[in-house]
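Have a look at the structure below before the remarks.
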Amino acid sequence: MKARIFVTLKNGVLDPQGKAIEHALGNMGFGGVDAARQGKYIELDLQATDRAKAQEEVDAMCRKLLANTVIENYSIELE
Amino acid sequence: MKARIFVTLKNGVLDPQGKAIEHALGNMGFGGVDAARQGKYIELDLQATDRAKAQEEVDAMCRKLLANTVIENYSIELE
Amino acid sequence: MKSAVIVFPGSNCDRDMAVALEKITGQKPLMVWHQDYDFDKVDFIALPGGFSYGDYLRCGAMSARSHIMKEVIKRAEDGVPTFGVCNGFQILTETGLLPGALMRNANLHFVCKDVKLKVENTDSLFTNGYDEGAEITIPVAHHDGNYFADADTLDRLEGEGQVAFRYADDINGAQRRIAGVMNAKGNVLGMMPHPERMIEPALGGSDGRVMFESVMNRLG
Amino acid sequence: MTNVNNIKITPEIVKEHGLNEEEYARIVSAMGREPNYTELGIYSVMWSEHCSYKSSRFHLKKLPTKAPWVIQGPGENAGVIDIGDGQAAIFKMESHNHPSYIEPYQGAATGVGGILRDVFTMGARPVANMNALRFGEPDHPKTRHLVSGVVEGIGGYGNCVGVPTVGGETNFDASYNGNILVNAMTVGLADTDKIFYCAAAGVGNPVVYVGSKTGRDGIHGATMASAEFTEDSEEKRPTVQVGDPFTEKLLIEACLELMATDAIIAIQDMGAAGLTSSSVEMASKGGVGFELNLDNVPQREANMTPYEMCLSESQERMLMVLKPGREEMAKAIFEKWELDFAVIGEITDTGKLTLKFGGEVVGDMPINSLVEDAPEYERPYVYTDKRDAADVAAPADLNKAVLDLIGGPNLCSRRWIWEQYDHMVMGDTIQRPGGDAAVVRVHGTEKALAISTDVTPRYCYADPQQGGRQAVAETWRNITAVGATPLAITNCLNFGNPERPEIMGQFVGCLEGMGEACRALDYPIVSGNVSLYNETNGSGIMPTPAIGGVGVMKDNEKMATIAFKNAGEAIVLIGETKDELGASLYQKQILGEDAGAPPFVDLDIERRNGDFVRALIENGQVSTCHDLSDGGLIAALADMAISGGMGADVTLESDLQLHTSLFSESQARYLVAADADTAETIRKEAKDAGIPVAVIGTTGGDTLSVNGDVSIAMSELTAAHEGWLPNYMAKAAE
Ligand SMILES: Nc1ncnc2c1ncn2[C@@H]1O[C@H](COP(=O)(O)OP(=O)(O)O)[C@@H](O)[C@H]1O
Ligand SMILES: [Mg+2]
């Protein structure tokens, strides 16, 4: 099974990278971008076959390692 | 409209961050992870309303700035 | 030798580069702010180290798309010696003036220390002052110095003498321990180590000086 | 959006703001009415321990702060000293302990950002960063993660900004298990006629905001967690700020560019309590009032309330008062650097801080009540009981004890840390980390600054007064050991809960000792910071008054380093070794005990020996020198040998037992190396000056040996010294 994990900054946390991307796109002549945010995208190849178990396991991985829950949120998609 | 962009390393490009995640998960006692890859996740808020046009525009942003196509692939989801 | 140092928002080795150029060439370089892309004709263009645009998104990515780089690319293609250190090297690969890319160091840590380098080509514009087979000491200071290019490109670079410097030891995971590469024409060099930080004994040695002197020799 | 000022102030709300009943009554009487919610928030931060120094002020006043070379002592953003030729060194140290424990990377990073702003606010270009770090014991499950995050955060910020991180100190001790210390110091350079202060002046002059936009970062207090005043209450707002070093770099350049003109009347960074404390400080120092229109504050998030704008601790922001008519010119500079610039108010003659929002007055407070009426407590204290001298046993195996110390957590090489810091950027670092003091050239001159941070918490715990003396003396000695003249210090006083008399006793004792040392060494305190309440579950950290010293060297080519340079040189020990193993590192680490009086710090002897050694370096007689501190003589010998890549053969003649001679931490001692003739001259000169001196051995070979009883191959010693930290960090995260 494959897990796709998205780690994004919490609402209200400064996102310098996103801000810089917004700026650069504007400078390059790409109009019409109101906001940009940058996060992490992590893919895991799992041996697990049980969805519910996998979800729980990946959730624990996110809490304990992949996301910094003081400033980041995460979401998980299993495929 | 919102664009979700995933930038990942091409096959064959060694991914030090992914490797480190694999390693750390293993050390923390999370078994059953065959491989980990880390990429970037970028969200853009677009003014555009035309899907096809937006797709084209975001594709150009990726090619010209958001991904380095020497080492990275990207994919786009519009919402 | 009249030189120019290109300054981007976030460049932070621009002064170091200017000091080195002035000490070695005897001429104050032109400091060119990235918005002043219509700058005077010069004999040598330096892209300094640092963290242009904070290294956000990817190191050098935003600078590479700046207006001034269009001008630099044009001049480099016309044959003006063009030299990028550290962030400057990253910018050069991001523009495509040099092949490959610089990725996060394999151990994920920033590394600042003196490293030993092998001078791989002692004929080039930038390296003719070094003795054949020379091993020199120059400091590095980077987070993303892990040079990557596909195997064909690497073979070509090595075959054509475009590898200028190679680390004596693996310090960042770079493919074939490549520390600096040149373009096919030999007038563009990018390298991760900082020769401008090794130009006098008080800083630990003078091995970096020779790189600048090599260019001066050639330009006469 | 609810108008937060309609919220009724209840005793619970007052309490949530960290104010007690008596303090609240003071506010009501100062204002002549009940404060509204925004005003309460502002009082609460201005009267917090952090901003008002209410527990420490009384004692801080007793510290010596003056010398002919002091241009600005405590009270401004940073201290300023004259280093000759119209130049000044500007420096300060600050803590970021609690944020770094919660989020080590961002906590440490924003600590660096904050201290940089304190220094460039005054017109200085920052030229060096230092960091003094204390972590819990290595085996504690959190330690590795904290070390890794803090080091990465310091590097991540400093490297990006392009200011070299040139030194610091790192200790591990169980007392920091639940409360690490991250103290950051910045040193900058300015011309003495171009120093900027924070006192506002000129009624009608514009108040200008520059830098990053204001978000809801780090807003104080439990009040915010309830999040009942805004729409997005779905998630608890993080109180950790994210640093943006790229913006900081732009801010430095933009401020220095504007400072080169004559447009600025006063300038102040927005640090703790952001917009509030910066405006109050500027107005209070200038004896004026401020009227701010909060609608003009650049905002990162929608629907921010006045309360949030006033208390936000968003990073990378500054407040300035400009001369009238200079706004456009200043704006052009900030726009060039792509930074926000907004005129947000003007100076008034009301003596009040008046806040307007949406056309209404939402706050109106007398400035002097915010500052001068702040409570000041003379908290009860009891001195730490004096300890008797201890009898400290010999180790079971001398060679093993030496290897364990040199290759253990507290004396091992910190290379793993400082190689992650760009310590060379700016091209003037002529003594890199690893020596006694970092040395950075004053750009374009023959002069150099020497910088060192030190404190030995073991001593401060055993005897606060001696510990306070020793901390100051050790920086002085480290600066001396590279050949520089120590001029002044900054400090960061990290202690536990001041409401406990024994903690307050540690504080008072340490300050007394520091003051004595500063006076005896002509080495005043020009800036500093106090961090109290460093404890978890009722157990405090060891008292840790970190000292950051700065000195100047006239001719940087005369600088000394610790490395043995030539084989066959004589090794000379200067200063007297006594039976002083109490509270030593040897006792603690090898024997697992902590007993007895710490070494006594005789300040006259300290000065005499130090002046003697400095003269040797300045005269060019000596270029190899190391002071003795933790681990004693053997630790210093090992450092010099490892650093020089050669061994030494040493013979000690003494009435003391060998382990005492090797590990005693007697103060005011140095090792120097020189050719035999010079060494003999030095010995005579010292003798004539009444300074204990002995030629104790010869450099060279591939073994470090002492009296034949210690004999360790250099390869083994080096591997132990260099290996501990990387091996520790490479181990699996728990
Ligand atoms: N956190 C740190 N950052 C940078 N350098 C450090 C750090 N900790 C220690 N060092 C460096 O390691 C060396 C040894 O430190 P220390 O044992 O405290 O020296 P000393 O005993 O002379 O005060 C010094 O050069 C110091 O600057
Ligand atoms: Mg020392």
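By convention in this document, chain letters (A, B, ...) are assigned in the order of the sequence lines, proteins followed by strands, and residues within each chain are numbered from 1.
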Look at the aromatic rings of [X] and [Y] and report parallel, tilted or perpendicular, splitting at 30° and 60°.
| X | Y | result |
| --- | --- | --- |
| C:F110 | C:H143 | perpendicular |
| C:H34 | C:F8 | tilted |
| C:Y53 | D:F246 | tilted |

Please identify, among [options], the residue contributing the most non-hydrogen atom pairs under 4.5 Å to chain C.
| options | result |
| --- | --- |
| D:G427, D:G444, D:P245 | D:G427 |
| D:D422, D:T429, D:I430 | D:D422 |
| D:K336, D:M424, D:E152, D:K249 | D:M424 |
| D:L250, D:N556, D:D244 | D:D244 |

Tell me whether [X] at atom [atom1] has more than 12 heavy atoms from other residues, nucleotides or ligands lying less than 6.0 Å away.
| X | atom1 | value |
| --- | --- | --- |
| D:K194 | NZ | yes |
| D:E446 | CD | no |
| D:K565 | NZ | yes |

Choice from C:A141, C:G204, C:G54, C:A20 maximising heavy atom contacts with chain D below 4.5 Å:
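Looking at each option in turn, the highest pair count goes to C:G54.
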
Is it the side chain or the backbone of [X] that comes within 4.5 Å of chain C heavy atoms, both, or neither?
| X | result |
| --- | --- |
| D:V161 | backbone |
| D:R415 | neither |
| D:Q431 | neither |

Quick one: what part of [X] sits under 4.5 Å from any heavy atom of chain D, side chain, backbone, both or neither?
| X | value |
| --- | --- |
| C:M198 | side chain |
| C:E196 | neither |
| C:D16 | side chain |

Could you tell me whether D:R441 and C:E200 have a side-chain N and a carboxylate O separated by less than 4.0 Å?
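C:E200 and D:R441: salt-bridged.
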
Does a side-chain N-to-carboxylate-O contact under 4.0 Å join C:R166 and C:E120?
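Counted as a salt bridge, because a side-chain N and a carboxylate O are separated by less than 4.0 Å.
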
